[in-house]
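Order of listing sets the numbers, starting from 1, for every ligand and every atom in it. Owing to the predicted nature of the structure, the values given are computational and were not obtained by experimental measurement.
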Amino acid sequence: MMRRKVDLFYSHVGEHVAPNNAAEDVPFMSLPIYLIGARGCGKTTVGRALSQALAYAFSDTDYFLQQTTQQTVAGIVAAEGWEGFRRRETQALIAVTAPSTVIATGGGMVLAEENCRFMREHGRVVYLKADPEVLASRLEAYPEEEQRPTLTGRPIADEMVEVLSQRDRLYQQAAHHVINAMQTPEQVVQTLLQTLSLARAS
Ligand SMILES: Nc1ncnc2c1ncn2[C@@H]1O[C@H](COP(=O)(O)OP(=O)(O)OP(=O)(O)O)[C@@H](O)[C@H]1O
Ligand SMILES: O=C(O)C1=C[C@@H](O)[C@@H](O)[C@H](O)C1
Ligand SMILES: [Mg+2]
């Protein structure tokens, strides 16, 4: 099933995956929607709800990685370092990309310029933006350390300030749209639907 969807975008030559269909070949209505933003901004939570509202498929690069490797994020990082995780994350992004799909990305997806370029070329990119204090309070409530091993070794609140100071610019640059993620998940979905339908109409 996954392979069939992926083949709509890619031709597979041996182990190599070569893009042959960028966004201009896919009707605007069916473009994949990539959700980007820091840990805890709601990419997974909101992404799943948005996919239901649009009757789209839903994929999550973190889940894809964990399913295909049968390891947690912490396990991959322990075995291969963050460098190995980031390499796999780029492959996961390509593998889950398909028309009519909402894609929740990992919080560090924008660290590689090639990932940003790929997302912008293949779909619509939405930044779920939230203040570090809001993100920290969500993550402190549900740390899920196997999915979110520490990035800096610092307490969560300090880590979120540091991470956003480095990445906010990258999220902004990669995004077609920036959405306030400090609303309830239902409100974020409604804002997303309005923003995307306005973009489709223009
Ligand atoms: N809009 C929201 N309002 C309140 N809580 C939220 C909201 N969005 C997500 N949460 C909560 O924040 C936590 C993290 O959400 P989620 O896993 O969706 O974030 P994420 O952006 O996918 O993070 P990661 O980058 O680690 O995958 C969850 O406990 C979720 O219930
Ligand atoms: O912000 C990050 O760098 C990360 C966020 C998570 O989604 C996972 O992709 C992983 O824990 C790394
Ligand atoms: Mg997530």
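- The protein heavy atom nearest to atom 25 (O) of ligand 1 is K43 NZ, 2.6 Å.
- Among the atoms of G107, some N or O lies under 3.5 angstrom from an N or O of ligand 2.
- M109 does not count as a contact of ligand 2, since none of its heavy atoms falls under 4.0 Å from the ligand.
- Near T184, the atoms of ligand 1 lying under 4.0 angstrom from a non-hydrogen atom of the residue are 1 (N).
- The protein atom (non-hydrogen) at minimum distance from atom 17 (O) of ligand 1 is R148 NH2, 3.0 Å.
- Near A181, with a cut-off below 4.0 Å to any heavy atom, the atoms of ligand 1 are 1 (N).
- For ligand 1, the atoms closer than 4.0 angstrom to any heavy atom of G107 are 25 (O).
- Under a 4.0 Å criterion applied to the non-hydrogen atoms of Y142, ligand 1 contributes the atoms 29 (O).
- For ligand 1, the atoms lying closer than 4.0 Å to a non-hydrogen atom of Q147 are 24 (P), 26 (O), 27 (O).
- Under the 4.5 Å side-chain criterion, counting only non-hydrogen atoms from C-beta, L54 is in contact with L193.
- Other members of the hydrophobic cluster containing L65, listed by chain and number, are V73, I76, V77, W82, F85, L151, V163; membership follows side-chain contacts under 4.5 Å among ILVMFWY residues, whether direct or relayed.
- Distances shorter than 4.0 angstrom occur between a heavy atom of E89 and an atom of ligand 2.
- The contact set between ligand 1 and D62, taken as ligand atoms under 4.0 Å from a residue heavy atom, comprises 27 (O).
- Put simply, part of G40 is less than 4.0 Å from ligand 1, judged by heavy atoms.
- Judged by distance alone, the side chain of T101 and the main-chain N or O of F58 form no donor-acceptor pair under 3.5 Å.
- For atom 4 (C) of ligand 1, the closest heavy atom belonging to the protein is R138 NE, 3.6 Å.
- Inclusion of T105 in the first shell of the Mg ion (ligand 3) is not supported: no N, O or S atom falls under 2.8 Å.
- Scanning the protein for heavy atoms near atom 30 (C) of ligand 1, the closest one is T45 OG1, 3.6 Å.
- Here's the thing with R167: one of its N/O atoms is less than 3.5 angstrom from an N/O atom of ligand 2.
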